Amino acid sequence: MSESTRPRSLSFGEEAAAYERGRPSYPPEAIDWLLPPGAHTVLDLGAGTGKLTIRLAERGLDVIAVDPIPEMLEVLSTSLPDIPALLGTAEEIPLPDDSVDSVLVAQAWHWFDADRAVAEIARVLRPGGRLGLVWNTRDERMGWVKDLGRIIGHEDHALEQKVTLPEPFAAVERAHFEWTSYLTPQALVDLVASRSYCITSPAEVRTRTLDEVRELLRTHPALANTTGLALPYVTVGIRATLG
């Protein structure tokens with residue numbers, strides 16, 4: 001990871017449980033699109049608590065999870081005890097050369113030192129292997145989701161256009177997938193609590209932000225007195241092949 005983002009990226013360990021409770025998974029069609037045909041061994045890089053890892057394991061793939069935060073890997077290993085969970089970073093991946101068919105990065109690329117990460121990922125990928133990046137972004141076209149963005153910050157829907165994958169990667173492609181995550185009101189609070197800016201904010205700012213989210217849940221006509229929320233997402237994917 002880059003030195004400028006290191007403190008915020010490592011802050012997730014303080015809210016690993018909230019991260020697991022609140023963060024969404026990924027739509028199957030996006031995972032299908034990211035994986036290369038015939039992939040068998042897949043590295044989930046920056047795996048966190050295993051939101052993507054579990055979807056890969058369900059497909060019968062040999063999955064290896066790597067993350068720099070012990071608390072996140074502890075949560076992952078509790079739910080996925082048979083998956084190798086290794087401490088490491090994108091800049092120093094604890095795997096041998098030419099050892100995986102695909103490297104997937106979910107919600108984490110912006111924390112990496114991109115130049116060093118590209119070199120390391122190319123090292124561990126087998127020839128012709130694929131790198132896949134994926135992000136969930138809230139679809140703020142819906143009224144209450146836009147109101148949530150005013151409280152916690154709007155999503156960057158041009159994110160994928162800012163990411164470039166240099167040589168030795170080629171044939172870079174981009175895709176969007178619209179879907180809906182269903183969660184409880186408390187899980188929405190956990191989602192906000194697990195955001196790095198919220199974790200690293202002063203206590204009074206963090207408390208005020210979470211109180212405003214709870215007030216939105218209490219007062220918005222689409223949310224008040226409901227036990228289940230439908231949160232729309234646009235999942236952004238980028239894939240590239242090792243040349």
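The basis for the numbers below is simple: all heavy atoms, side chains too, and nothing from hydrogens, waters or symmetry mates. This structure is a prediction, so every number in the text was calculated from the model and none was measured.
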N136 CG to S25 OG distance, which is reported to the nearest 0.5 Å: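 The OG atom of S25 is 8.0 Å from CG of N136, to the nearest 0.5 Å.
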Find the distance between CD (E74) and CG (D67) and round it off to the nearest 0.5 Å.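 These two atoms lie 12.5 Å from each other.
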Strictly distance-based, threshold 3.5 Å: is any side-chain N or O of [X] a donor or acceptor partner for the main-chain N or O of [Y]?
X: D139; Y: V234; value: no
X: S102; Y: V42; value: no
X: R116; Y: A90; value: no
X: D190; Y: R23; value: no
X: R123; Y: I93; value: yes

Note: R214-D211 ion pair, threshold 4.0 Å (strictly below):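 Salt bridge flag = yes for D211 with R214.
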Looking at R55 and D44, is any side-chain nitrogen of the basic one under 4.0 Å from a carboxylate oxygen of the acidic one?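 R55 and D44: not salt-bridged.
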For [X], I'd like to know if atom [atom1] has over 12 heavy atoms of other residues, nucleotides or ligands within 6.0 Å.
X: E204; atom1: CD; result: yes
X: E92; atom1: CD; result: no
X: D32; atom1: CG; result: yes
X: E29; atom1: CD; result: yes

Please find the pair of heavy atoms, one from [X] and one from [Y], that lie closest to each other, and give the distance.
X: L95; Y: S99; value: CB-OG, 3.7 Å
X: W144; Y: L216; value: O-CD2, 4.1 Å
X: P168; Y: V118; value: CD-CG1, 4.2 Å
X: H154; Y: K146; value: CE1-O, 3.6 Å
X: L131; Y: F169; value: CB-CE2, 3.6 Å

V63 and its side-chain contact (heavy atoms from CB on, under 4.5 Å) partner, picked from I83, I54, L43, D82: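 The option that passes is I83.
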Residue among F177, Y182, W179 satisfying ring-ring contact (aromatic ring centres under 6.0 Å, His included) with Y233: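 Going through F177, Y182, W179 one by one, the ring-ring contact (aromatic ring centres under 6.0 Å, His included) with Y233 is satisfied by W179 alone.
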When you check the side-chain N and O atoms of Q107 and Y26, is any donor under 3.5 Å from an acceptor?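 Yes, side-chain donor-acceptor contact under 3.5 Å.
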Should H40 and D101 be marked as a side chain to side chain donor-acceptor pair (under 3.5 Å) after you check the CA-CA gap, both sets of side-chain angles, and the distance that decides it? CA-CA 6 Å; H40 183 66; D101 300 314; 6.0 Å; no
Would you call L231 and P24 a side-chain contact if the rule is heavy atoms closer than 4.5 Å?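 No - every pair of side-chain heavy atoms lies 4.5 Å or more apart.
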Same cluster (ILVMFWY, side-chain, under 4.5 Å), V192 and V205: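 Different clusters: V192 never reaches V205 through Ile, Leu, Val, Met, Phe, Trp or Tyr contacts under 4.5 Å.
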